[in-house]
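Take a look at the structure set out below.
For the numbers below, each heavy atom of this structure counts, side chains included, while hydrogens, waters and symmetry mates do not.
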Amino acid sequence: DDTNVTALHGMIYCQILLGEYDDAEQQLEFFKAIHDDDGPGSPMMTFLDGLLAWRKNVDAARQSELLDQTLSEHLKQAFDPSRGLSVEDEMVQF
């Protein structure tokens, strides 16, 4: 399903793990082009960028930079009051 973002993340992740770096890179670039104007970046896409940087280019500096960015994006989204429930409230409901 082309509209299922979670499935796209999984597909790119599998491509990276299988060593299909060029395919994964194309999918990442395509996804970024489509979602360029959607505001803050997706932590998962940033993570996949970092994983690809490490696996394809063995670029530890770039991977570290992207992992830091992933953490920042994740925390920003986790504690964003506009999303409704806070992380703490969601955990209590669980």
Side-chain angles (χ1 to χ4, degrees):
D1 181 7
D2 292 340
T3 61
N4 187 335
V5 174
T6 304
L8 179 62
H9 291 160
M11 181 182 68
I12 294 169
Y13 182 73
C14 288
Q15 287 173 329
I16 293 170
L17 293 182
L18 292 171
E20 299 172 3
Y21 305 128
D22 292 333
D23 292 337
E25 191 169 31
Q26 286 177 349
Q27 291 292 332
L28 279 167
E29 293 305 319
F30 178 72
F31 185 85
K32 287 182 209 173
I34 289 174
H35 296 285
D36 190 35
D37 58 348
D38 285 354
S42 159
M44 179 55 85
M45 294 307 282
T46 307
F47 167 76
L48 292 171
D49 256 342
L51 184 60
L52 183 63
W54 175 250
R55 293 282 181 109
K56 181 179 181 184
N57 303 318
V58 192
D59 187 347
R62 179 74 177 141
Q63 180 199 27
S64 179
E65 175 186 322
L66 288 167
L67 288 176
D68 285 343
Q69 184 179 341
T70 298
L71 179 61
S72 295
E73 291 170 359
H74 175 73
L75 292 174
K76 199 178 306 176
Q77 287 182 9
F79 295 105
D80 181 3
S82 69
R83 358 178 352 255
L85 295 176
S86 70
V87 172
E88 296 86 6
D89 293 337
E90 288 179 16
M91 294 182 91
V92 169
Q93 284 187 349
F94 179 69

Start with the C-alpha distance between L18 and Q15, add both sets of side-chain angles, then the distance that settles side-chain contact (heavy atoms from CB on, under 4.5 Å), and finish with yes or no.
-> CA-CA 5 Å; L18 292 171; Q15 287 173 329; 5.9 Å; no
Scan residues 6-15 for pairs that pass salt bridge (Lys or Arg N to Asp or Glu O under 4.0 Å), counting only residues two or more places apart or in two chains.
-> none
From H9 NE2 over to M45 CE, what is the distance, rounded to the nearest 0.5 angstrom?
-> 5.0 Å
Residues M44, V5; criterion side-chain contact (heavy atoms from CB on, under 4.5 Å); working and verdict = CA-CA 10 Å; M44 179 55 85; V5 174; over 6 Å; no
To the nearest 0.5 Å, what is the distance between CG (L48) and OH (Y13)?
-> 8.5 Å
Minimal heavy-atom distance between I16 and R55, with the atoms involved, is CG2-CG, 3.8 Å
For residues 20-30, dump all side-chain donor-acceptor pairs below 3.5 Å to protein atoms at least two apart in sequence or in another chain.
from	atom 1	to	atom 2	distance (Å)
D22	OD1	K56	NZ	3.3
E25	OE1	K56	NZ	2.5

